[in-house]
Amino acid sequence: MSSGTLYDKVWDLHRVGNLPGGTTQLFVGLHLIHEVTSPQAFSALEDKGMGVRCPDRTVATVDHIVPTTNQIRPFSDPLAEEMLSTLERNCAFHGINLFGIGSGHQGIVHVIAPELGLTQPGMTIACGDSHTSTHGAFGAIAFGIGTSQVRDVLASQSLAMNKLKVRRIWVDGQLSQGVYAKDLILHVIRTLGVKGGVGYAYEFAGPGIDALSMEERMTICNMAIEGGARCGYINPDSTTFEYLKARKYSPQVEEWDRAVTWWRSLSSNENAIFDDEVYFDSSAIAPTVTWGITPGQGVAINESIPYPESLEKGERLIAQEASNYMNLKPGTPISGIPVDVCFIGSCTNGRLSDLQAAAAVAKGRHVAKGIKAFVVPGSEKVAKAAVQQGLDDLFTKAGFEWRQPGCSMCLAMNPDKLEGNQISASSSNRNFKGRQGSANGRTLLMSPAMVAAAAIAGEVTDVRHMLTQKNS
Amino acid sequence: MTQTSFPKDVISCIEGKCIALPGDDIDTDRIIPARFLKCVNFKDLGKQVFADDRSELKGTHPFDLKINNNASILVVNENFGCGSSREHAPQALMRWGIRAIVGQSFAEIFYGNCLSLGIPCATSSPNEINSLQKSINKKNQQNWKLDLRSQIINSSIGAWKLYIEDGPLEMLLTGKWDATSQLKSNEYELDRVQNSLPYLNKFHIN
Ligand code: SF4
C-alpha cells in the first residue's frame, strides 16, 4: 500500500468516514458540471426532495453540445437547445455559477476550470466526465464520475470511493523538437496498455515531467484515464504556482504565501512508498500516432501498422478487429496514410500552446486539396488569446476553418462529425469505433502539430521534417 | 423489453435468461453511441443500446436475437464498459432489461455506475466465463439463477462459481447500494472535513 504520496495526503484530508460496504466517504472540494451528465442528476435530486449542499463549490459550463459555427440561441438543434436550457434552469434554481456562452469564460470544462484558477493543488475534484483526470496536473486528485454520483455530490458534496493504488511513472530526459506531451502520453499508454492503469492513480514525476508547462501537464493527466487510471497527477511546483498566480479564483494576495506553503507540503515525500514504479525516457520518444480503435494502439511515426501475430497474445484479437474496422493493412507504414478530416481541439489539446504549435506548422503553408481542416479553441479565453496573436488569420489563410469553442468533433455531439468511413487526424483523446459521429468513421490520434502537418500533406507525416524545412 | 421493475431494496438473487456477448474491451461508446447522449432523461436508452454494433450485424447481434428477448443476465469478457464515465451505458443496459452482469473484468467507473443502479457485476476466470458463454449459447431457453449470497450462477445445465467484491456485495444484500441517503446522513462529519480544509478556509491551517 502506498504511503506518503500526494494521493495519500489528499485522500486523508478529505476522508469523511467509512460507509457500508467498506468504501470511504470522500469530501469533494470542487464539483464541475455540464449539460450532458447533470440533467438526470438534478431531476433525481428533485425526486428525492433534496437540494444542492454546496452550490458555491459547484461550477457549471456548457461544452459538449454547443455548435462551433453559429452559437446564436436558440440553437438550430432543438435537443441541444433543450439540454442547455435545462442546465440554465437548474443552475438558476440552485444558485450555481454557470459560465455560459458569451460570458468570456465558457469552454470545455477541463479547459476553463484551470484557466479560472478554480483548479488548485490539494483539492478533490469531481465531474461527470472521465477526462476530469486533467485537473491532476495541478496536484489535485480529480476523477470522473457517473450521473448517479453527480447526484450524490450535488446532494452531499461527497462520494463513496475506494482508495486506488499509486503507480509512479518516472520520466527522464526531455522531449526533442517536434515531439510533444501528447506523444509522451500516447507512448506511455501504448507501453502500459489501456488496462494497465485499472485500479491505480498515476503519479507522473521526474525531470521529463518537471520540464513541462502546465498546459503540457494537463495533456498528460487528461489521458491517464485512457491508460485505465482513473486519476493521474503531478506534484505541484513553481510552474504550478506561476500558472495560478492572479487568476480569477486563485487565492487572494493576502492568502497567497500561506497557500503556496500548504501546496508545497502536499508533494509526495522523498521516501514515499508507491505500489508500483515504471520508467520512461522522454528523449527516446518519437511523434506517435494511433492506428486502431483504442488509444493504446499507437506506433511511432517511422513504424508500420503491426501484424496481430507480432503482438502479445492478449492484444491480438483487438488488433485484428482494429485492422478490419480501420481498413488499414498490417505492415503499412503509418506515415503516408491519407486522411480526410483534420481536427485540432478538445480538452486534451485545445489550449493556446496547442494552437500555437499547430500554427507554427501551418504558417505560410496550405491545407492539401480536398481536406477539411478545422481548429476549435478549448474556451472563449483561448479563442480570444489566439485571435490577439493573429492565429485565427494565420489558420484561415492556411485553409483551416476557425471555429467557436466547444468539444466539437472530439465526440461529435454537435454538428461536427465525420461522414461515412472518413478518416480523421485528430488531436483529441479517443479513437473508439464511431466516436467522431459516424458509425464507421475512423480516427487517428496525434499531437496538434502532427494534425496540422497531416492537413498540409493530406496524409500522416512526420512533423519534424516540416519544422526543419523553411515555411515557404 | 423491460420485463421487471428497476432494482430496488435488497438485491440477493437475479433470475432469468442469460445473454452472452463475447469480446474484450467493449467500450461505453459501443454500449451507447455518443449521439444518443443528447437527452435530458434516460427513457429511450433501452432501444438504443449497442445501436451501431447492431446495425452493423443486421439482426444477428445477440441483443437482436429473438432467443435473447427479455434476457436479464449479461455475460461478457474482459474490461467490459471501458471508456467514458457516462451512466448512460449501464442505464441503457438496465432499460433494455439487464439486471446483472457476469464477466472476466469490468472498467472501474462502469462497475461503480452499475452498483449505484443496483446492478451487480460478478467476475470469474476466463475459462469459467468461456464455458458459461458456451453453455448459454447451447441451450438458450434455460432459466438461470444468479445467487449473490452463494455467488453462484446456475441452471439445469450446471453451476459456475462467481466472485463479487465484499463491499458491493454487502451493499446489495443490505439494500444500501443507493449511496445518496447514506452520504447525506453523515452531516456532522461532512461539516468537520469541510471546515478543516485549508483551501476552504483562506489557507489557515488549524
Ligand atoms: S473535449 Fe472530448 S473528452 Fe474532453 S470533455 Fe469534451 S467530449 Fe469529453
Side-chain angles (χ1 to χ4, degrees), chain A residues 13-17 19-23 25 27 29 36-37 39-40 43 48 50 65 79-80 82-83 86 120 122-123 128-130 144-149 151-152 155-160 162 194-195 198-199 230 251 255 258-259 262 294 317-318 411-413 430 432-435 437 439, chain B residues 23-25 27 29-30 33-35 37-42 51-53 55-56 78-79 82-88 90-91 105 107-110 112-113 116-117 166-171 174 176-177 179-184 186 189-190 192-194 196-200 202-205:
Chain A
L13 277 169
H14 292 82
R15 231 180 123 254
V16 177
L19 291 168
T23 53
Q25 179 170 6
F27 188 84
V36 180
T37 50
Q40 302 87 353
S43 54
K48 288 177 182 269
M50 292 175 177
I65 50 95
L79 257 173
E82 187 190 356
M83 291 179 85
T86 306
Q120 294 170 19
M123 287 181 173
D129 185 286
S130 46
I145 54 178
T147 299
S148 51
Q149 291 175 306
R151 178 196 66 204
D152 292 347
S156 73
Q157 201 62 26
S158 67
L159 273 172
N162 282 316
V194 288
K195 286 167 269 187
V198 174
R230 192 156 174 196
E255 300 168 7
R258 285 200 300 276
W262 182 63
T294 82
L317 214 63
I318 184 93
L411 94 166
M413 274 184 85
R430 286 195 170 144
F432 299 160
K433 287 181 177 179
R435 169 79 178 185
Chain B
D24 291 345
D25 305 306
D27 61 62
D29 275 79
R30 287 174 64 189
R35 62 182 181 279
L37 307 190
K38 236 196 242 171
C39 58
V40 288
N41 60 53
F42 290 136
D52 292 344
D53 284 5
S55 72
E56 197 178 315
E78 201 173 279
N79 198 29
C82 58
S84 85
S85 65
R86 65 186 70 150
E87 192 191 316
H88 302 67
Q91 281 279 357
S105 66
E108 205 179 312
I109 302 180
F110 178 83
N113 281 338
S116 63
L117 295 177
D166 290 347
L169 183 65
E170 187 192 321
M171 291 161 82
T174 54
K176 288 183 176 168
W177 45 268
T180 318
S181 343
Q182 297 291 321
L183 293 168
K184 271 202 75 84
N186 269 342
E189 282 296 300
L190 274 166
R192 181 189 60 78
V193 172
Q194 186 167 358
S196 74
L197 288 170
Y199 62 87
L200 298 182
K202 300 193 172 305
F203 296 91
H204 288 293
I205 296 159

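What you see below is based on every heavy atom in this structure, not just the backbone, and it leaves out hydrogens, waters and symmetry mates. By convention in this document, chain letters (A, B, ...) are assigned in the order of the sequence lines, proteins followed by strands, and residues within each chain are numbered from 1.
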Notebook entry, point to check: So, for A:Leu13 and B:Val193, which heavy atoms are closest and what is the spacing to 0.1 Å?
Noted result: O-CG1, 3.6 Å

Item checked: B:Glu170, part contacting chain A, at a heavy-atom distance under 4.5 Å -> side chain

Margin query: Which heavy atom of A:Arg15 sits nearest to which heavy atom of B:Arg192, and what is that distance?
Written below: O-NH2, 3.7 Å

Item checked: A:Lys195: salt bridge (Lys or Arg N to Asp or Glu O under 4.0 Å) partners, not counting sequence neighbours -> B:Asp25, B:Glu78

Item checked: Pairs of heavy atoms under 4.5 Å with chain A: top-ranked of B:Asp24, B:Asp29, B:Asp166, B:Asp53 -> B:Asp29

Next item on the list: Flag the one option from A:Val198, A:Asp129, A:Thr294 with the top tally of heavy-atom pairs under 4.5 Å to chain B.
Entry: A:Asp129

Margin query: On a heavy-atom basis, which atom in B:Phe203 and which in A:Pro251 lie closest, and how many Å separate them?
Written below: CE1-CG, 3.5 Å

Check: Side chains of B:Glu87 and A:Gln149: does their closest heavy-atom pair fall under 4.5 Å?
Finding: no

Item checked: Any residue meeting salt bridge (Lys or Arg N to Asp or Glu O under 4.0 Å) with A:Arg258, in chain and number order, not counting sequence neighbours -> none

Next item on the list: Ignoring hydrogens and angles, tell me if any N or O in the side chain of A:Arg430 forms a donor-acceptor pair with the backbone of B:Gly83 under 3.5 Å.
Entry: yes

Notebook entry, point to check: Using non-hydrogen atoms only, which part of A:Gln120 is less than 4.5 Å away from chain B: side chain, backbone, both, or neither?
Noted result: side chain

Item checked: From B:Tyr199 atom OH to A:Met123 atom CE, the distance as rounded to the nearest 0.5 Å -> 5.5 Å

Check: Where is the tightest heavy-atom contact between A:Val16 and B:Glu189, given as atom of each residue plus distance?
Finding: O-OE1, 3.3 Å

Margin query: If you compare all heavy atoms of B:Asn113 against all heavy atoms of A:Gly146, which two are closest, and at what distance to 0.1 Å?
Written below: OD1-CA, 3.1 Å

Item checked: Among the listed options A:Ser158, A:Gly22, A:Ala160, the residue most often paired with chain B at heavy-atom distances under 4.5 Å -> A:Ser158

Item checked: Max heavy-atom pair count under 4.5 Å with chain A, selected residue of B:Val40, B:Asp27, B:Asp52 -> B:Val40

Notebook entry, point to check: Does B:Lys184 use its side chain to pair, donor to acceptor, with the backbone of A:Ala155 at less than 3.5 Å?
Noted result: yes

Notebook entry, point to check: A:Gly437, A:Gly29, A:Ser148: which one forms the most heavy-atom pairs within less than 4.5 Å of chain B?
Noted result: A:Ser148

Notebook entry, point to check: Given B:Leu37 and A:Thr37, is the side-chain contact (heavy atoms from CB on, under 4.5 Å) satisfied, shown in steps?
Noted result: CA-CA 9 Å; B:Leu37 307 190; A:Thr37 50; over 6 Å; no

Checklist line | Gap separating the NE2 atom of A:His14 from the CD atom of B:Gln194, nearest 0.5 angstrom | finding: 10.5 Å

Item checked: B:Ile109 side, atom CD1; A:Ile145 side, atom CD1 - distance, nearest 0.5 Å -> 9.5 Å

Check: Non-hydrogen atoms of chain B under 4.5 Å away: do they reach the side chain of A:Ala412, the backbone, both or neither?
Finding: neither

Check: Among A:Leu159, A:Asn162, A:Thr23, who wins on heavy-atom pairs under 4.5 Å with chain B?
Finding: A:Leu159

Item checked: Structural part of B:Lys176 lying under 4.5 Å from a heavy atom of chain A -> side chain

Note to self: Would you say that A:Gln25 contacts B:Leu190 through its side chain, given a criterion of any heavy-atom pair below 4.5 Å between the two side chains?
What the structure shows: yes

Check: Given that the side chain runs from C-beta out, which part of B:Leu200 has a heavy atom under 4.5 Å from chain A: side chain, backbone, both or neither?
Finding: side chain

Next item on the list: Below 4.5 Å from any heavy atom of chain B, which atoms of A:Thr86 appear? Answer side chain, backbone, both or neither.
Entry: side chain

